[in-house]
Amino acid sequence: VGNQVECAMVRTVGWSLGKQEMTSPQGEVLRIVRELEFDHHSMTSGAVVRDSSQRLEVFIKGSYEKVKSLALPQTVPPDYDQVTMQCAKQNYYTLGISNKDLGSMSDDQVRNMPREQLERGVSICGLLLFRNEMKADSPDAIESLKEGSVRSVICTGDNELTGIAIGRLCGVVTTSICLRGTMENGKLVWNDPDNEGRRVSPDHPDPHCQLALTCSAWRYLYEQKQDLEHLWGRCVVFARMKPDDKINVVKYLQGRGLVVGMAGDGGNDCGGLRAAHAGLALSDAEASMVAPFSTGRLGKGAAKNDISLTTVPDLIREGRACLATNMATFMYFMVYAFLLTTLRTFYIVFLNISLGEWVWMTNDIGVGVIMMFFMTQSWAKPTLAKYRPTATLLGLRTISGVMVPYGLGCILLALLTVILHSTAWYDPLNPNWIHVLPKDWMKKGDNYDSAIGVLILFIVLSTTAYVNTYGGDFRRAICRNVGINIMYALFLFVVFFMALSKPNELNCIYRVNCDTQSSLACKNIPVLSQLSVGGTGGCFLGVQVRYWQEETDSHPDYVPLDPDHPWWQPVPEKDCLPPGSTLAKIPLNSTTISTGKGFKVVDDCTGPNNCYSWHFKWLLAVCLAIYVILYHGFLQLVLLGPVARALRGRQRREDKRLLSDDASSDSSSDGSETADLTV
């Protein structure tokens with residue numbers, strides 16, 4: 001258990017490790033006097049050991065550049081630089097090994113000696129090479145990121161030559177020349193790794209070639225922000241980076257307005273993983289404890305033994321789908337809030353009416369809970385889109401997604417209200433006219449106007465929930481979301497059934513196209529009648545009740561049941577009928593009770609009702625259908641269709657123009673940067 005490089009080294013040489021000693025395959029035992037843990041700043045690690053003859057030695061390993069700087073010059077082979085650079089180009093993780101005889105010293109002296117003194121003046125023993133195998137699925141992961149307009153860079157503690165070689169294999173480095181930036185004598189020097197003897201500049205021989213920076217070169221440019229300003233878009237390899245440098249790279253890219261993600265599997269990646277907008281630890285070790293996301297998922301095929309890098313595009317896919325879903329639910333609840341507030345304000349202020357009790361339950365549970373749940377069940381698309389979903393609550397797409405359904409709903413309400421009030425059979429009703437008691441608030445929906453509000457509320461909210469579940473470029477097609485389709489089909493059926501049908505129990509639950517006979521029949525509906533606070537199974541207090549009430553109250557023989565409420569009102573115990581004297585003058589089958597204005601609208605309504613004429617029913621259904629078509633068309637043609645694509649294309653062209661202007665002002669040609677996330 002431990003660092004992967006250390007574990008691989010121990011397995012290869014065949015030594016066994018104890019708590020305070022090491023044993024070779026031949027049986028030689030070395031006692032550990034002092035461990036020198038890996039230091040990110042010196043980039044070295046080692047140990048001080050005693051053998052069986054009490055000989056005391058220190059062994060140091062680390063980056064080959066660092067080991068060379070610590071070693072005695074006479075112990076450095078003349079071809080050391082050439083050999084190490086060639087190994088790095090061949091994708092080897094190259095470490096230098098050195099040792100030093102400490103002579104006769106006690107264990108306490110060794111433990112108290114400064115580490116720098118132990119490491120200074122060592123002799124180079126050789127090189128330790130680890131084959132730096134790239135994950136087999138890395139090219140596929142990088143290609144997926146490119147297809148999603150995600151720019152990828154390599155930020156590593158390895159040598160820059162190794163970074164360039166790996167970058168070419170996985171597709172991060174794409175230009176034929178990738179210049180290497182290093183520091184020599186306090187100056188930034190550029191050279192071509194394929195031709196070490198040639199000195200070049202970032203704009204020569206290729207002004208668009210990609211760049212690889214060493215840690216010292218990055219620090220120099222980080223201080224010289226003006227030079228970095230026109231080079232950062234071409235930097236694809238950041239090598240020999242220490243934890244603090246990785247953090248600085250992440251923060252610099254964030255400062256450029258990019259959404260930055262980072263993937264790593266080592267302890268020196270922890271700082272960068274925490275600093276990034278999204279950090280993904282590709283291990284179960286220490287990095288997974290600080291990163292917001294972690295994975296141990298193995299790859300497939302040739303990559304079945306490695307943690308898969310394809311989890312990076314998968315994380316972005318899921319994140320974008322989640323953001324699209326969150327924005328969709330946000331837009332639904334905004335439409336809900338605006339429309340419901342407008343509807344209730346209009347009805348209460350101008351008509352003093354409300355909606356039936358089960359309308360609120362259906363909206364809040366049927367749409368606000370069940371359909372909202374199914375909205376969140378749309379899976380992410382298997383491929384990355386070339387752009388990311390909007391994340392702004394006040395952007396054009398979000399505002400139009402809220403205001404269009406709300407505006408269409410208001411227009412629909414105004415249009416149908418005007419048409420309704422213009423009919424010859426319409427009779428207005430203010431519940432105060434028939435002295436509805438406060439406890440019967442749920443019966444303030446027993447009128448012609450409230451029925452329109454119920455249908456509009458159902459059709460607008462269910463359609464809003466449905467169209468905001470369209471897959472688009474981030475989520476799978478809506479046809480694969482079975483739950484939302486079933487719920488939407490159910491709501492459409494209920495709305496159009498209530499708009500076109502004769503009085504029945506379902507209609508009377510929501511007080512739409514309902515009459516007294518069907519309202520009384522609702523008392524036989526299980527559960528609903530028991531949960532109702534009085535609106536289910538009771539009398540229908542339609543506008544026609546006013547005529548019975550006026551006639552009854554004016555009769556000299558009428559004695560009210562409740563002295564505190566002297567006005568007659570229908571009760572279920574008497575089949576909602578007035579006294580016989582009133583029935584003699586205004587019988588149940590009279591046209592006055594059919595409509596309240598002497599027009600026989602339909603032959604299927606019995607007693608006080610809010611039945612519409614067949615002509616108005618079909619007009620109502622057509623208006624509702626037009627709303628549904630317009631809203632679906634708006635989503636398909638504007639928010640998800642050619643209008644949105646045209647706007648995105650114009651925005652990309654504007655971004656490129658701005659980048660080109662910035663490059664011109666810096667007297668430099670900069671590669672266009674359109675990525676929304678950098679890994």
Side-chain angles (χ1 to χ4, degrees), residues 3-4 38-43 135 138 141-142 145 148-158 160 163 166-167 170 172 181 211-225 227-229 231-296 307 309 311-320 322-323 384 388 391-392 673-679:
N3 182 276
Q4 293 185 11
F38 178 75
D39 182 76
H40 292 296
H41 296 285
S42 66
M43 302 182 70
K135 295 179 185 292
S138 294
I142 298 300
L145 294 174
S149 297
V150 178
R151 177 176 178 262
S152 302
V153 302
I154 296 174
C155 192
T156 177
D158 290 352
E160 66 276 8
I166 293 294
C170 67
V172 172
L211 307 174
L213 300 176
T214 61
C215 178
S216 57
W218 160 253
R219 290 178 178 177
Y220 173 82
L221 287 174
Y222 192 66
E223 295 296 328
Q224 306 293 328
K225 294 290 176 58
D227 294 334
L228 184 58
E229 197 71 15
L231 292 178
W232 71 271
R234 295 162 58 188
C235 297
V236 294
V237 176
F238 301 84
R240 293 301 189 199
M241 305 298 283
K242 296 179 174 61
D244 290 344
D245 299 303
K246 293 184 178 183
I247 294 174
N248 289 335
V249 170
V250 170
K251 289 186 175 180
Y252 179 80
L253 294 174
Q254 290 172 333
R256 301 297 305 180
L258 297 178
V259 178
V260 181
M262 182 175 178
D265 58 2
N268 59 345
D269 295 319
C270 293
L273 292 171
R274 292 187 65 181
H277 291 110
L280 174 62
L282 301 174
S283 77
D284 298 323
E286 61 268 25
S288 65
M289 293 186 287
V290 300
F293 304 96
S294 62
T295 177
I307 294 179
L309 195 64
T311 52
V312 176
D314 288 347
L315 175 63
I316 300 173
R317 288 191 305 102
E318 295 291 346
R320 288 179 174 180
C322 181
L323 177 57
L384 275 176
R388 64 182 179 185
T392 173
E673 175 59 49
T674 59
D676 66 309
L677 186 141
T678 304
V679 179

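At a threshold of 4.5 Å between non-hydrogen side-chain atoms, the residues Leu221 and Leu213 count as touching. Residues Leu211 and Leu231 are in side-chain contact: their nearest non-hydrogen atoms beyond the backbone lie under 4.5 Å apart. Between Leu145 and Val312, some side-chain heavy-atom pair lies under the 4.5 Å cut-off.
A donor-acceptor distance shorter than 3.5 angstrom exists from the side chain of Gln254 to the backbone of Ala275, with no hydrogens or angles considered. One N or O on the side chain of Thr214 and one on the backbone of Gly181 form a donor-acceptor pair closer than 3.5 Å. Checked by atom type and distance alone, the side chain of Arg240 pairs as donor or acceptor with a backbone atom of Gly157 at under 3.5 Å.
Across Leu384, Val259, Thr311, Leu280, a single residue satisfies side chain to side chain contact (heavy atoms under 4.5 Å, CB included) together with Ile316, and that is Leu384.
Residues that satisfy the side chain to side chain donor-acceptor pair (under 3.5 Å) test with Asp244, not counting sequence neighbours, are absent from this structure. In this view, Gln224 and Tyr220, Asp227 satisfy the side-chain contact (heavy atoms from CB on, under 4.5 Å) rule, not counting sequence neighbours. Not counting sequence neighbours, the partners of Asp314 by the side chain to side chain donor-acceptor pair (under 3.5 Å) test are Arg297, Arg317.
Annotation: the span from Asp245 atom CG to Arg219 atom CZ amounts to 4.0 Å, rounded to 0.5 Å. To the nearest 0.5 Å, atoms CD1 (Ile247) and CE (Met241) are separated by 10.5 Å. To the nearest 0.5 Å, the span separating CH2 on Trp218 from CH2 on Trp232 amounts to 10.5 Å.
Within a 6.0 Å sphere centred on NZ of Lys225, other residues, nucleotides and ligands contribute more than 12 heavy atoms.
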Practice problem: Starting from the C-alpha separation in whole Å, work towards a yes-or-no answer on side-chain contact (heavy atoms from CB on, under 4.5 Å) for Met262 and Val250. | Solution: CA-CA 8 Å; Met262 182 175 178; Val250 170; 4.2 Å; yes
